[in-house]
Amino acid sequence: MNSDAKKVAVLGGGSFGTSIANILADNGHQVRLWMRNQDTVHDIATIHENTRYLPGKKLNPSIIPTTCLETAVVSADLLFVAIPSKAFQSVVRDAAQWLNEDQILVSTTKGIGEDGFKLMSQILEENTPCKYIGVLSGPNLAKEVAERTLTGSVIASEHEEVRLAVQQTLSCGYFRVYANSDRFGVELGGALKNIYAIASGMAAALGMGENTKSMLITRSLAEMSRFAARLGGNPMTFLGLAGVGDLFVTCTSPLSRNYQVGYALAQGRQLEDILATLGGTAEGVNTIRLVKKQSEELEVYMPLVHGLYDILFEGKELKDVIKKLMLGEQNSDVEFVLPGPDKLANLKRG
Ligand SMILES: NC(=O)C1=CN([C@@H]2O[C@H](COP(=O)(O)OP(=O)(O)OC[C@H]3O[C@@H](n4cnc5c(N)ncnc54)[C@H](O)[C@@H]3O)[C@@H](O)[C@H]2O)C=CC1
Ligand SMILES: O=C(CO)COP(=O)(O)O
C-alpha cells in the first residue's frame, strides 16, 4: 500500500461505484465498496473477477466489498456516493449517524432529488454533519473507466481541501482529475445531459443525418447552460468536461443507458418495458419531468425538454414534436439566451 494511502468508502456497488472503487484500489488506497444486501448474492461472490454490472472487466482484487454501512463509513477519510438519485437521500440519512464533520463526502450521482429540486450535494449538506462536500462529474462511462481507458473528470467544490484530496486520491495514469469551484454548474451538467442523451438516442434510431445530430447537441448545450445559469451555475462550466464533454459522450455513445432509452423509444417500444429491461439506471427519464416543471416555474425557455416530456409522458408522436421544434417559436429562437455580464459577475445559487 502507498504511504499516502487513504481509507476510502464507495457507497453503491453499481457500475459507476465499482469503477471508481477500482481506480482508488489501483492507486493503493484501502477501499470499502458498500452495497445493499440484495446485491450481495451476485456482487460479492463475483466482485474480484466480474461484477454483474461490469462483466468481463479485470477489477483490482484489493477492493473490500461490504454490506455493513457502519463499517464502510465510520473510519473513512473520504467517501464517494454512487447511489441512483431515487435512493440517494435514504442511504445518506442512514450513513449520517456514523459520519463526522471532517470526513470528505463526494457525490458521483447524476440526478436530481424529487423533493424541492435538490441537487445531490445539497442532500449531502442537509442530511450529514460533513463540512467538506464535492461533486465528481465528467465524460466517465463506467465501462470505459473500468477498462482503464484514458479519461478526464472534474472535482467540483468550493473547498480547496476537497478539490486537492480528490485530485490526489483519484488521479493516475489513466484518470486525470481537473478542479472547478462551480459545484452547482458541474453537478447540473451531469444531471441535465442525460435528458439530451435520450433525444440523441432517438435521432440515431431514426437514422438522422450528421447535420441533425450536430444541431441537436449544440442546441442541447445552449438549453442546459441557460437553465443552469438561471439556477446560479456558471455557463463557462458548460464548455468544460462536465458540460460539453459529458454531453458529447452520452449523446454519441451507445454505452449510455439514457441514449439506449431514446433509441428504444424511437423504435416504438414502451417506456415501462424499456426501463424494465435496461439493466441499469437511466436518470434522464425522471430528470425530464423535474426540469420541465422547474423550467416553467423559472420561465426558462427549454423547447427540447418540453418536446421530450410530451413524447415520454403525454403520448405525443415523435414526428409531431420534431415538426414543432423545427417550425415553432421562430421569434424566441435566438441562438444564445444567457444572463448578461452584470448577472454573471454575481452568480449564486438562487
Ligand atoms: N454508469 C455510468 O457510466 C455512470 C453513472 N453515473 C451515475 O452514477 C449513479 C449510479 O449509476 P450506476 O452505478 O451506473 O447504476 P447501476 O444501475 O449500474 O447500479 C445502481 C446500483 O445502485 C444500487 N441501489 C439501488 N437502490 C439502492 C438502495 N436503496 N440502496 C443501496 N443501493 C441501491 C443498485 O443495487 C445498484 O448496485 C447514477 O446517478 C448515474 O447517473 C455517473 C457517471 C457514469
Ligand atoms: O454519465 C455517464 C457518462 O459520463 C453515463 O451515462 P448513462 O447514465 O446514460 O449511462
Side-chain angles (χ1 to χ4, degrees), residues 10-23 33-44 46-47 51-55 57 65-69 72 80-95 106-113 119-121 123 135-147 149 151-154 175 186-187 189-201 241-264 274-275 277-288:
V10 178
L11 308 186
S15 46
F16 199 60
T18 307
S19 63
I20 286 294
N22 196 47
I23 305 174
L33 177 60
W34 175 81
M35 59 194 75
R36 60 183 174 170
N37 287 318
Q38 296 92 302
D39 295 330
T40 59
V41 175
H42 301 278
D43 288 11
I44 288 204
T46 55
I47 191 93
T51 75
R52 84 181 140 130
Y53 294 102
L54 296 167
K57 307 293 172 242
T66 177
T67 54
C68 175
L69 191 55
F80 292 88
V81 187
I83 303 284
S85 60
K86 64 178 182 337
F88 190 96
Q89 178 158 316
S90 72
V91 172
V92 166
R93 281 189 174 157
D94 276 357
V106 176
S107 165
T108 72
T109 297
K110 293 176 174 174
I112 290 168
L119 303 182
M120 297 300 116
S121 68
I123 293 176
V135 169
L136 184 79
S137 195
N140 299 162
L141 293 165
K143 286 192 173 136
E144 293 199 358
V145 174
E147 280 163 354
T149 300
T151 296
S153 195
V154 181
F175 200 75
V186 165
E187 196 161 19
L192 294 172
K193 59 82 191 170
N194 290 326
I195 295 176
Y196 306 103
I198 294 176
S200 287
L241 284 170
V244 67
D246 206 2
L247 180 69
F248 179 80
V249 83
T250 36
C251 287
T252 57
S253 172
L255 281 179
S256 156
R257 287 86 42 99
N258 289 289
Y259 176 104
Q260 289 167 21
V261 168
Y263 199 97
I274 298 166
L275 296 179
T277 54
L278 189 64
T281 307
E283 296 272 10
V285 173
N286 200 35
T287 308
I288 288 172

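The first residue in the sequence is number 1, and the count goes up from there. Order of appearance sets the numbers: ligands from 1, and atoms from 1 within every ligand.
Taking a 4.0 Å cut-off on heavy atoms, W34 registers as neighbouring ligand 1. Taking a 4.0 Å cut-off on heavy atoms, M35 fails to register as neighbouring ligand 1. The closest approach between a heavy atom of G12 and any atom of ligand 1 is not below 4.0 Å.
Of all the heavy atoms in S85 and T109, the pair that sits closest is N-CG2, 3.6 Å. For P65 against M35, the heavy-atom pair with the smallest separation is CB-CE, 4.2 Å. Contact between A72 and T66 at its shortest, heavy atoms only, is CB-CG2, 4.0 Å. G284 and N258 make their closest contact through N-OD1, 2.9 Å (heavy atoms, listed as atom of the first residue, atom of the second, distance).
In the vicinity of T281, heavy-atom distances shorter than 4.0 Å reach the ligand 1 atoms 15 (O), 16 (P), 17 (O), 20 (C). For ligand 1, the atoms closer than 4.0 angstrom to any heavy atom of G13 are 37 (O). Atoms of ligand 1 found under 4.0 Å from any heavy atom of L141 (numbered from 1 in listed order, with element): 3 (O). Each of the atoms 1 (N), 2 (C), 3 (O) of ligand 1 lies under 4.0 Å from some heavy atom of A142. Proximity to V91 (heavy-atom distance under 4.0 Å) selects the following atoms of ligand 1: 30 (N), 31 (C). Annotation for ligand 1: atoms under 4.0 Å from non-hydrogen atoms of G280 are 17 (O). Heavy-atom contacts of A82 reach the following atoms of ligand 1: 10 (C) (cutoff under 4.0 Å). Taking every non-hydrogen atom of T109 and a distance limit under 4.0 Å, the qualifying atoms of ligand 1 come out as 39 (O).
Without hydrogens or angle criteria, T67 side chain to R36 main chain gives no donor-acceptor distance under 3.5 Å.
Side-chain atoms of N140 and S153 include a donor-acceptor pair closer than 3.5 Å.
For S85, no nitrogen or oxygen atom sits less than 3.5 Å from a nitrogen or oxygen atom of ligand 1, counting backbone and side chain alike. At least one N or O atom of E283, backbone or side chain, sits closer than 3.5 Å to an N or O atom of ligand 1. Taking only nitrogen or oxygen atoms, main chain and side chain alike, A87 does not reach within less than 3.5 Å of ligand 1.
Considering only heavy atoms from C-beta on, P254 comes within 4.5 Å of Y259 through its side chain. Annotation: side chain of N286 is not in contact with side chain of K86 (no heavy-atom distance under 4.5 Å). Residues L278 and V261 have side chains in contact (heavy-atom distance under 4.5 Å, counting atoms from C-beta outward).
Among S256, G279, S15, A146, the residue whose heavy atom lies nearest to atom 18 (O) of ligand 1 is S15. Evaluated by nearest non-hydrogen atom to atom 11 (O) of ligand 1, the leading choice among R257, K110, K86 is R257.
Heavy atoms of N140 found under 4.0 angstrom from ligand 1 belong exclusively to the backbone.
Atom CG of residue L255 and atom OG1 of residue T250 lie 11.0 Å apart, to the nearest 0.5 angstrom. Annotation: the span from L141 atom CG to R257 atom CZ amounts to 9.0 Å, rounded to 0.5 Å. Put simply, CD1 on I288 and CD1 on I198 are 4.0 Å apart, with the number rounded to the nearest 0.5 Å. Distance OH/Y263 to CD1/I274: 12.5 Å, rounded to 0.5 Å.
Annotation: side chain to side chain donor-acceptor pair (under 3.5 Å) contacts of S121 (sequence neighbours excluded): R183, E187.
Taking a heavy-atom cut-off of under 4.0 Å, ligand 2 is surrounded by K110, G138, P139, N140, L141, K193, D246, T250, S256, R257, N258.
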